[in-house]
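Here is how names work: the chains are called A, B, and so on, in the same order as the sequence lines, proteins then strands, and each is numbered from 1.
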Amino acid sequence: MQKVSGAKTLFFKITNQGRNYLPLIEDIDARFIKYIDIVPCTSIPGTTDDVISPERSMSTISLSNKANILFIKDVPVGYYDPILRGGIRQPLMSKISLQKSYIDVSDPSEVGKYFVLVFWYDLPEYSARNKSDHTALDSVSMQVKNLANPVVFPDNRAMSGKRFRNIYLSVSEGVTPTGREVVPNATYKEMFLSLYKGNYAVLDRVPLCLFDFYKQYKEINFANIVFDFVYSYVEFGGLTDSDNIGKDIYITLRYED
Amino acid sequence: MNCINTNIDLVQVSLDELGNMYFPTSVSFAGKRVNYIKIFAPYEREFYSPIDGAPVVVYDDLTNFYVSLYNDQKKVLVKDVNARMLSAYYPHQIYINDVLDLDLSRISYIGDLSELVKQKKVILVYVSWEALPLPEEKELPTKAVTVTIPAELCYNKPFKLSQIFDDFFAGSNAKIEAISTDTTYSFYLDLRMDELSFKWMPSPLFREYAGTAKITPFYCRPSTVDFRNSYVIHYRKEKDSPIRITFYYN
């Protein structure tokens, strides 16, 4: 996977059998899309409606470019599930005409449910080339106080102003250095990461499960992205178990040093 | 491993009830550029150190261990990273490429370590140093040979490789460039090679599949192997398939 520097997530509700056209989202519509993920989340923020697992779905996706050519046509949605495919992603490398792109649904039980689509692209204004080969790894712990409010990153002086290359979820059981139990990895499919630089979302609600690389061939590599800890957060899906309250979210970050 | 290995040292770290464990200072990689470290905590419930037979911290024990590494300028290289991310089973390499400060670098345990201390368990850490960069276009050599060792011959005692693999390279200048195994259970390989040092390497380091992810083959600097002074040992009580090690050579 090539380096990326931005992502936006679309929680796409299926309203009918047959073709469901994607909505216009200006930020995605204007961008050169490198990859698309259809993620097997188990819950999404703001609703208790079900999410469709791409692995078990017979639905297909078709994507149109700006020349109105369906360059991805009738491909099973499971092909874009990065967890199913070990992190191996098909490069798209195209601007997408969202309103001419669609998911074709044959199973009526999927109506009323959601697909979670993540669009990966470059954000030159929030990324940069490597200045150094030297990187360091450091970690942050954030306690979940309640599920309704986002869990904000702690103010970390050591990593303030750094340029980031990777995000990892390295702990799925046991305790973190704070002594608190960690949120289990089954919950990652209901957690969404937003990294903000000022009031701009560099990563917008990206499912946290995408950063669990234990069973993936390929990591996600960022092109030295920048973000502000104090404006960045993790939020939970509407169906997340209250057992997670009091536990820690533990994220390890690689940055250029 | 995305490098050509030259030296891999095995460091045995004893557990301390206070929860902070440091590397011994008299190690051969002191002052040298360390490329990566790997913690060998086997999936097997019971395993032992090849150095002195001490029981080792296994994968299930590794949950609450965290690693912090600093360079000789006291800069952070790795801070509070869960030990599983540095385990031999983690499919991605965490490169360090720096000289370690052995006074500051440590493995910490969060919680009550007394049970593991009572069992006198040790942590096995493998440190690769002064490895060579792997060229992008590097491919495996065109020749390979596999040595097969019945599991019962090397259970709980070192088995000399030359006992079943004596004459294959005799009289040739064949140099081994990569090593691989498809054996799914853990074993140790102590390989004597000219100028290289690979003491008691655990098989996950050169097993081509880690979990479900394929990793780069284990490359080493081309060297001849002295099979008369190379050994294999394992500690798995159950009757098992033979150990197979493949040597790629030119």
Report task. Examine the side chains of B:Thr6 and B:Glu130 and answer whether a donor and an acceptor come within less than 3.5 Å of each other. Result -> no
**Report entry** Residues of residues 50-59 of chain A with any heavy atom under 4.5 Å of a heavy atom in chain B
**Finding:** none
Report task. Begin from the C-alpha positions of B:Ser203 and B:Ser186 and carry the test side-chain hydrogen bond (donor to acceptor under 3.5 Å, both in side chains) through to its verdict. Result -> CA-CA 6 Å; B:Ser203 52; B:Ser186 304; 4.6 Å; no
Report task. Provide the closest heavy-atom pair for A:Ser172 versus A:Val182 in the form atom of the first, atom of the second, distance. Result -> C-CG1, 3.7 Å
Query raised in the report: Would you say the side chains of A:Thr176 and A:Asp248 form a donor-acceptor pair under 3.5 Å?
Result: yes
Query raised in the report: Is the B:Phe187 to B:Phe47 ring centre distance short of 6.0 Å?
Result: no
Query - Validation row, ring centre B:Tyr188 to ring centre B:His234 under 6.0 Å - result: no
Query raised in the report: Among residues 17-25 of chain B, which residues come closer than 4.5 Å to chain A, judged by heavy atom distances?
Result: none
Report summary line: A:Pro154 meets the side chain to side chain contact (heavy atoms under 4.5 Å, CB included) criterion, sequence neighbours left out, with A:Val140, A:Met142
Requested in this report: May I ask you to check whether over 12 heavy atoms, not counting those of A:Lys218, lie within 6.0 Å of atom NZ?
Outcome: no
Query raised in the report: More than 12 foreign heavy atoms under 6.0 Å from OH of A:Tyr231: is that the case here?
Result: no
Query raised in the report: Among B:Asn97, B:Asp98, B:Leu69, who wins on heavy-atom pairs under 4.5 Å with chain A?
Result: B:Asp98
Report summary line: Most heavy-atom pairs under 4.5 Å with chain B, out of A:Ala158, A:Gly87, A:Gly174, belong to A:Gly174
**Report entry** Test of ring centre spacing under 6.0 Å for A:Phe153 and A:Tyr233
**Finding:** no
Report task. Tell me yes or no: between the side chains of B:Trp129 and B:Asn35, is some donor less than 3.5 Å from an acceptor? Result -> no
Report summary line: Residues of residues 220-230 of chain A with a heavy atom under 4.5 Å from any heavy atom of chain B, in residue-number order, are none
**Report entry** A:Phe32-A:Tyr121 aromatic ring centre distance below 6.0 Å
**Finding:** no
Query - Ring centers of B:Tyr59, B:Tyr43 separated by less than 6.0 Å - result: yes
Query raised in the report: Can you check side-chain hydrogen bond (donor to acceptor under 3.5 Å, both in side chains) on A:Ser132 and A:Glu256, steps first, answer last?
Result: CA-CA 7 Å; A:Ser132 162; A:Glu256 187 179 76; 5.4 Å; no
Query raised in the report: Looking at B:Ile96, B:Val81, B:Thr63, which has the largest count of heavy-atom pairs under 4.5 Å with chain A?
Result: B:Thr63
Report summary line: Max heavy-atom pairs within cutoff under 4.5 Å with chain B, candidates A:Thr252, A:Asn166, A:Val171, A:Thr135, goes to A:Val171
Query raised in the report: So, B:Asp182 and B:Arg207, do they make that salt bridge, N to O below 4.0 Å?
Result: no
